[in-house]
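Only one structure is covered here, and it is reproduced in the block below.
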Amino acid sequence: MILPLVAATVLAAGATVFLNGNASAGTTLGASAAEKGRYFGAAVSAGKLGDSTYVGILNREFNAITPENEMKWDATEPSQGRFSYTGADRIVSHAQANGHKVRGHTLAWHSQEPSWAKPMEGSALRSAMVNHITTPGTW
């Protein structure tokens, strides 16, 4: 959940500012990071984009997002050869609408391997992964 992360970060940032006596001109965590040429990101679940408190903090404090699982193999190819980008598209659209950078991660990961690929091995698994990686998506 984003709230504990933000609270801990705000408390840590506040302590740093207090101890160092340096105040940042940035009015948000994302703006403060941008002043240094950096971004301040959060892992985002498409399902949370309906929560107004979550989205309010996300849009105010962060300038980059990484989808939690929506761009992983099981989410984008739930059945072999059938691609779905609904959750990923929702996150990317939200990011674009709010000026956030999007950073993907872990294209293939053992705990997000689709059930149809689990029994595969060798050249069949490699072929399925190559197809997944090289099939054009919507982004």
Side-chain angles (χ1 to χ4, degrees):
M1 186 170 173
I2 227 172
L3 292 177
L5 172 64
V6 171
T9 304
V10 169
L11 290 174
T16 302
V17 170
F18 178 76
L19 295 174
N20 293 336
N22 297 328
S24 173
T27 57
T28 66
L29 296 169
S32 294
E35 288 174 355
K36 304 286 189 217
R38 299 176 181 259
Y39 58 87
F40 189 76
V44 175
S45 170
K48 291 287 195 175
L49 293 177
D51 180 329
S52 62
T53 301
Y54 180 97
V55 170
I57 293 169
L58 177 67
N59 292 346
R60 183 183 66 243
E61 297 296 334
F62 297 87
N63 58 6
I65 61 176
T66 300
E68 286 184 0
N69 294 305
E70 289 81 354
M71 290 185 179
K72 292 181 180 163
W73 193 5
D74 65 339
T76 57
E77 192 179 2
S79 299
Q80 189 171 13
R82 186 179 67 82
F83 293 84
S84 173
Y85 302 102
T86 306
D89 285 344
R90 186 169 179 207
I91 291 171
V92 171
S93 293
H94 181 89
Q96 289 173 332
N98 292 282
H100 297 145
K101 294 177 188 277
V102 178
R103 182 175 188 156
H105 71 102
T106 316
L107 180 62
W109 184 253
H110 67 93
S111 62
Q112 275 83 27
E113 182 180 4
S115 60
W116 60 264
K118 289 183 188 292
M120 293 181 165
E121 51 187 49
S123 61
L125 180 58
R126 183 181 189 291
S127 178
M129 290 183 81
V130 166
N131 182 66
H132 178 75
I133 293 165
T134 60
T135 299
T138 57
W139 4 271

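For the pair Leu58 and Lys48, the minimum side-chain heavy-atom distance is 4.5 Å or more. Side-chain contact between Met120 and Gln80: present, with at least one pair of heavy atoms (C-beta onward) separated by less than 4.5 Å. In this structure the side chain of Glu68 reaches within 4.5 angstrom of the side chain of Glu70, judged on heavy atoms.
To the nearest 0.5 Å, atom CD of residue Gln96 and atom NZ of residue Lys101 are 13.5 Å apart. How far OG of Ser52 is from CG of Asn59: 11.0 Å, rounded to the nearest 0.5 Å.
Here the side chain of Thr76 pairs a donor or acceptor atom with the backbone of Lys72 at under 3.5 angstrom. Although no hydrogens or angles enter the test, the distance criterion places no donor-acceptor pair under 3.5 Å between the side chain of Glu61 and the main chain of Thr28.
Ring-plane geometry between His94 and His100 is classed as tilted, the angle between the planes lying from 30 to 60 degrees on a 0 to 90 degree scale.
Minimum heavy-atom separation, Pro114 to Glu77: CB-O, 3.9 Å. Among all heavy-atom pairs drawn from Val102 and Pro67, the shortest one is CG1-CD, 4.3 Å. In this structure, Ala117 and Leu125 approach most closely via the heavy-atom pair O-CD1, 4.2 Å. Shown here for Met71 and Val92, the closest heavy-atom pair between the two residues is CE-CG2, 3.5 Å. What you find for Tyr85 and Thr135 is that their closest heavy atoms are OH-O, 4.3 Å. In terms of heavy-atom proximity, Ile91 sits nearest to Ala46 at CD1-N, 3.7 Å.
Annotation for Lys36: atom NZ does not count as buried by contact number, only 12 or fewer foreign heavy atoms lying within 6.0 Å.
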>> Before you tell me yes or no, could you show the steps for Trp109 and Asn69 under side chain to side chain contact (heavy atoms under 4.5 Å, CB included), namely the whole-Å CA-CA distance, both residues' side-chain angles and the distance that decides it to 0.1 Å?
In response: CA-CA 10 Å; Trp109 184 253; Asn69 294 305; over 6 Å; no
Without placing hydrogens or testing angles, list every side-chain donor-acceptor pair under 3.5 Å for residues 37-45, not counting sequence neighbours.
{"from": "Tyr39", "atom 1": "OH", "to": "Arg103", "atom 2": "NH1", "distance (Å)": "2.1"}
{"from": "Ser45", "atom 1": "OG", "to": "Gly47", "atom 2": "N", "distance (Å)": "3.4"}

